Amino acid sequence: MGSHLSLFLFLVLLTSSSSSSSSSSSSGISAVSAAPYLSPQLQAKLLSSKPDNETIYRVSKQLCWNCIGESLQFLFAHNLVRASKGELPLMWDFELERYARWWAGQRKSDCKLEHSFPEDGFKLGENIYWGSGSSWTPSDAVGTWAAEEKYYTYATNTCEEGQMCGHYTQIVWKTTRRIGCARVVCDDGDVFMTCNYDPVGNYVGERPY
């Protein structure tokens, strides 16, 4: 875990010294081009064997400039799960958030549990969630996805028959770096939430971490 976090800190400090201008990819999905500075105190805590929740929250907040409310809740919940596996924390990406908000808007009228990509055409990772009633939060969605861990066996890289594990494995996927999510209360009063991940995870035959 220490080596992963050391690499993360190196990337953060390296990116912090670069230009703060944004660059867009040809696909229209772009990563935030400059990372925030992490204080020496946070660096020290991240390099400890088990960073506490407060440290993960503070790091998530710094990796999500100007984020408040639901955006920060989504990011913090994801980074808690990743920290438990020694994975690098995710950064918030506002282009991914815009895409997720677009798709949530498409589902507002019916709250249908449907992906934005064809089943065999994923260019971004995507987790979706539906909850009956309007009180469901980002933490509820991420908690439900993360709970799939109990069906996943790392030694054989398999999921229990009849169960789903792909939401969990996408959360902790080793090469995923950026995330953007959205939550909407649908016209029928239920909740739809969606998160997009880049680079995409869940490659067949590969372990998530």
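Just so it is clear, the model here is predicted, and its values are computed rather than measured.
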- prompt: At what distance, to the nearest 0.5 angstrom, does CE of Met91 lie from CH2 of Trp65?
  reply: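 Met91 CE to Trp65 CH2: 7.5 Å, rounded to 0.5 Å.
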query: How long is the span from the CZ atom in Arg183 to the OG1 atom in Thr137, to the nearest 0.5 Å?
result: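 These two atoms lie 7.5 Å from each other.
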- request: Over 60° means perpendicular and under 30° means parallel, so classify the ring planes of Tyr57 and Phe76, tilted if in between.
  value: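 It falls in the perpendicular class, over 60°.
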query: Under 30°, 30 to 60°, or over 60°: which ring-plane class applies to Tyr209 and Tyr168, parallel, tilted or perpendicular?
result: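 Perpendicular: the ring planes of Tyr209 and Tyr168 meet at over 60°.
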Give the minimum heavy-atom separation between [X] and [Y], together with the two atoms involved.
| X | Y | result |
| --- | --- | --- |
| Ser60 | Asn79 | OG-ND2, 2.9 Å |
| Ser135 | Asp140 | O-OD2, 4.2 Å |
| Gln170 | Gly201 | OE1-N, 3.0 Å |
| Asp110 | Asp188 | O-OD2, 4.4 Å |
| Asn157 | Pro208 | OD1-CD, 3.9 Å |

Is the shortest heavy-atom distance from the side chain of [X] to the side chain of [Y] under 4.5 Å?
| X | Y | value |
| --- | --- | --- |
| Ile56 | Pro89 | no |
| Asp190 | Val185 | no |
| Cys195 | Glu126 | no |
| Thr194 | Tyr129 | no |
| Trp136 | Met193 | yes |
| Ile179 | Asn196 | no |

query: Do NZ/NE/NH1/NH2 and the carboxylate oxygens of Glu114 and Lys112 come within less than 4.0 Å?
result: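 Yes, Glu114 and Lys112 are salt-bridged.
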message: So does Asp198 get a backbone contact from the side chain of Arg177, meaning a donor-acceptor N/O pair under 3.5 Å?
response: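 Side chain of Arg177 to backbone of Asp198, a donor-acceptor pair under 3.5 Å: no, none is there.
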Please check if atom [atom1] in [X] has more than 12 non-hydrogen atoms from other residues, nucleotides or ligands closer than 6.0 Å.
| X | atom1 | answer |
| --- | --- | --- |
| Lys174 | NZ | yes |
| Asp187 | CG | yes |
| Trp103 | CH2 | yes |

- prompt: Are a donor atom and an acceptor atom from the side chains of Tyr99 and Ser116 found within less than 3.5 Å of each other?
  reply: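 Yes, a side-chain donor-acceptor pair sits under 3.5 Å.
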- request: Check whether the side chains of Thr175 and Trp173 place a donor and an acceptor atom closer than 3.5 Å, and report yes or no.
  value: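 There is such a pair between these side chains.
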- request: Using the salt bridge (Lys or Arg N to Asp or Glu O under 4.0 Å) rule, take Lys85 and Glu149 through it: C-alpha gap first, then chi angles, then the decisive distance, then the call.
  value: CA-CA 11 Å; Lys85 298 301 176 185; Glu149 181 182 8; 2.8 Å; yes
